[in-house]
Every structure is written in structure tokens, then in C-alpha cells.
Amino acid sequence: MQMFRLFESLVDPYAPYDDTVAPPRRLGPFLRAYLKPFRWVLAGCVAFTMLVSFGEILLIYLAGRIVDHLAAAAPETFLADNMTAIIMILAALVFLWPAIVLLDALFMNQAVMPNLGTLVRWRSHRHVIRQSVGWFENDFAGRISNRIMQTAPATGEAVYHVFSTGVYALTYVAAGGIMLVETDKALLLPLLFWSMLYLVMMFRLVPRIGHASKAFSDARSAITGRVVDSYTNIQSVKLFAHSRIEEDYAYEVIENARKAFQKQMRLISAMDVMLTFLNVCLMVAVGGSAIYLWSRGEASVGAVAAATALTLRLNAMTQWIMWA
């Protein structure tokens, strides 16, 4: 518990700041302004995320080397001949690896996420509450409160995906490329070609999904605003409004939200299919190349196993990275 409290107290979300400046309207400047108190903590996040990603590649590499040693060694003498290496690997897995994962989790889950959400909610509320009465009268109270509540987790997710998912993925691909080069430079070519196609697909599809997601978020906020407005003024609704008119009033925004969500999900479905095709091509190219090199005596069985494991891991990661 003391360790959790230590990391949770690294940033004070209620620290003084220049509250005379309005929050930036664009995402980049907004994140820079709100992340200023977290800059050293985020540096720790990046460092340990890179170590976690590199460690996973190292495990795949070691698994391939172990396969090679098992294939070449005599079973009755293998443990005796490699006892020192086995003890070092086990010690790293049992003690060092969990410590790195723990520090990575503490920086992001304890130091950043709870404090960042609190900081965004606190500053957003202070900014909104200072607006004029007329400003509040020109919007729905439910929509305004919904925006404040949505902004905090959205900011946290953006930071998590940039400083955790993004760093993890870049480190993983770079370390995986080094591992393939160590086996044979020819194995790097499919990974580079796949990476280029993957980036092209991201830059073409992700902005479109982002716009569709924003449209759905606006439509969802409109639902919250109208529903909360109806419930808040339920006495007037019951006394003076026609039930059919109130239903039509809600139906309009609910149907708009459904159509916006449909557009978003169409793009996501297209992304899923294209990504699956790309991943299959990567697995066939890298796995087939590794087997071909092995058949010519230019790669070991362990190298084939490690290359196959790498492509399978990338296949599992890409959906998560693209969604992030």
C-alpha cells in the first residue's frame, strides 16, 4: 500500500495553475497544457514500457535459442552443461521481469491515470462554472456535464495509447526487426513492407474513424442533453407537453446517434478485414522465408520458431494497436 501511495502522490492534480487562460481548443495543445505536471512521470512510463516491449522480444529470441540447444544437445547432459545459463534466465524471469512490469504499471496506473482524470475534471469544472448565466442558458445542462465527464477519461485514454501502446508497438517492431536481422537480413524485408502498408492503412482509415467517432460522440451528447432536460423539467413536461411530441423530440437525437454509430462501425469492419489480410501476408512471408532458409541450411530450427512466434505476436497486437 505504501508503494501505491508513493506513486499516487507524484503529481498533485489540484496544484495551482494559470486559470485565466482558456483551455486550448485543439487536441495537441490541450494535451501539452494538461500534461505539463506529468512530464517526468511520463518519461518513466516511456522508459519502462520500452523495457517491457524489449523484454518480450528477448523472450521470443531466447525461446528460439533454447530450441536450437535442445536440438543439438544430448538429453542426459543438457541440464548439467547449461545449469548456469538456466539459473540466470530463471532468476531474470522470476525477479527482474515482474519488477519491470510492476514499475511500468505503477507509473501509468497509479501516477498518471487517476491524477490526470482528476486534474482534467477539476480544471474543466472551474472553467465552466465561471461562465455567464446566458452561456448556460444557450445549452443543455446535461450536455455540458456530459462533456466534462467524458473529457477526463478521453484524455486518459489518449495519453495511455500514446505513451504506452504507441511506445510499446514501436519498440516491439524495432526490436523484432533486429531479431530477424540477426537471423537473416532477408527476413527483415517482409516486416518492412508490412510496416509500410500498415502505416498507410492507419493514416488512411484512422482519421476517418476519428471523424466518425466524434460525430457519434456529439450525437450521444445530444441524447444526454435532451433526456436530462426532459427529466429535469418533468413537471412542465407532464403538465403542458404532448407525449407524442416529447417522444419525437427524443427519437430524433437517438436515431441520429444510431446512424452516426453505423458509419463508425462500417469503417471499423473494413479495417478489421484489411488488417487480417495484411497479417496473413506477413505470417506467410516471414514464416515461408524462414522455412526456405532452414531448408538451405541458412537458418536454424530455433530461428524458424522465433520468427513464427514473432509474427503470431504481431498478428495479435495489430488489432489492439490500430484500435488504440
Side-chain angles (χ1 to χ4, degrees), residues 22-31 33-34 113 116-162 201-275 319-320 322-324:
R25 291 178 176 272
R26 296 180 60 198
L27 178 61
F30 179 88
L31 290 177
Y34 279 72
M113 298 301 285
L116 179 60
T118 302
L119 182 145
V120 171
R121 286 192 185 96
W122 173 243
R123 294 189 181 185
S124 299
H125 172 68
R126 292 192 69 206
H127 177 70
V128 168
I129 203 68
R130 297 179 183 187
Q131 306 307 308
S132 65
V133 173
W135 186 87
F136 281 96
E137 289 176 345
N138 290 328
D139 208 334
F140 295 113
R143 200 176 89 93
I144 296 172
S145 61
N146 187 54
R147 284 302 192 190
I148 291 177
M149 296 306 295
Q150 279 188 340
T151 301
T155 305
E157 287 180 18
V159 169
Y160 176 82
H161 292 317
V162 170
M201 188 170 67
M202 280 186 64
F203 284 112
R204 292 295 299 272
L205 281 179
V206 169
R208 294 175 63 188
I209 294 175
H211 292 312
S213 179
K214 182 180 182 300
F216 175 59
S217 178
D218 291 338
R220 188 173 55 190
S221 291
I223 293 175
T224 303
R226 291 198 180 184
V227 169
V228 172
D229 180 62
S230 296
Y231 295 166
T232 303
N233 300 284
I234 192 64
Q235 291 183 339
S236 299
V237 170
K238 293 292 185 180
L239 289 172
F240 304 108
H242 191 282
S243 59
R244 185 61 184 175
I245 295 176
E246 282 299 311
E247 290 177 4
D248 292 340
Y249 185 65
Y251 170 82
E252 179 185 357
V253 290
I254 291 173
E255 179 61 15
N256 286 339
R258 184 175 75 96
K259 291 178 179 177
F261 192 48
Q262 285 175 338
K263 292 180 181 178
Q264 180 185 357
M265 297 310 294
R266 288 172 188 170
L267 290 170
I268 290 174
S269 297
M271 181 186 73
D272 288 343
V273 173
M274 294 172 65
L275 192 56
Q319 188 79 20
W320 161 57
M322 183 75 79
W323 181 263

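These numbers come from the heavy atoms of this one structure, side chains and all, not from hydrogens, waters or symmetry mates. Residue numbers run from 1 in the order of the sequence given.
The shortest non-hydrogen separation linking Leu119 to Tyr34 is CD2-CD2, 3.3 Å. Pairing each heavy atom of Ser124 with each of Val120, the nearest pair is OG-O, 2.6 Å. The shortest heavy-atom contact between Ala257 and Ala219 is CA-CB, 3.5 Å.
Within a 6.0 Å radius of CZ in Arg130, other residues, nucleotides and ligands contribute more than 12 heavy atoms. Environment of NE2 in His211: sparse, with no more than 12 heavy atoms of neighbouring residues, nucleotides or ligands closer than 6.0 Å. By the neighbour-count criterion of 12 heavy atoms within 6.0 Å, atom CZ of Arg126 is densely surrounded, having more than that number from other residues, nucleotides or ligands.
Atom CG of Asn256 and atom OH of Tyr251 lie 9.5 Å apart (nearest 0.5 Å). The CG atom of Leu275 lies 10.0 Å from the CE atom of Met202; values are rounded to the nearest 0.5 Å. Ile268 CD1 to Ser213 OG: the interatomic distance, rounded to the nearest 0.5 Å, is 7.5 Å. The CD atom of Gln131 sits 9.0 Å away from atom CD1 of Ile144, with the distance rounded to the nearest 0.5 Å. Distance check, rounded to the nearest 0.5 Å: CE of Met265 to CE of Met271 gives 9.0 Å. Rounded to the nearest 0.5 Å, atoms CD1 (Ile129) and CD1 (Ile148) are 8.0 Å apart.
Here the side chains of Leu116 and Tyr160 are not in contact, with every heavy-atom distance at 4.5 Å or above. Taking the side chain as every heavy atom from C-beta outward, Met113 and Pro153 never approach each other to under 4.5 Å.
Residues meeting the salt bridge (charged side-chain N to carboxylate O under 4.0 Å, His left out) test with Arg258, sequence neighbours left out: Glu255. Remark: Arg123 pairs with no residue by the salt bridge (charged side-chain N to carboxylate O under 4.0 Å, His left out) rule, at least two apart or across chains.
Checking side-chain atoms of Thr151 against main-chain N and O of Arg147 turns up a donor-acceptor pair under 3.5 Å. The closest donor-acceptor contact from the side chain of Gln264 to the backbone of Ala260 lies at 3.5 Å or more, if one exists at all.
Under the 3.5 Å distance criterion, with hydrogens and angles disregarded, no donor-acceptor pair is assigned to the side chains of Thr155 and Arg121.
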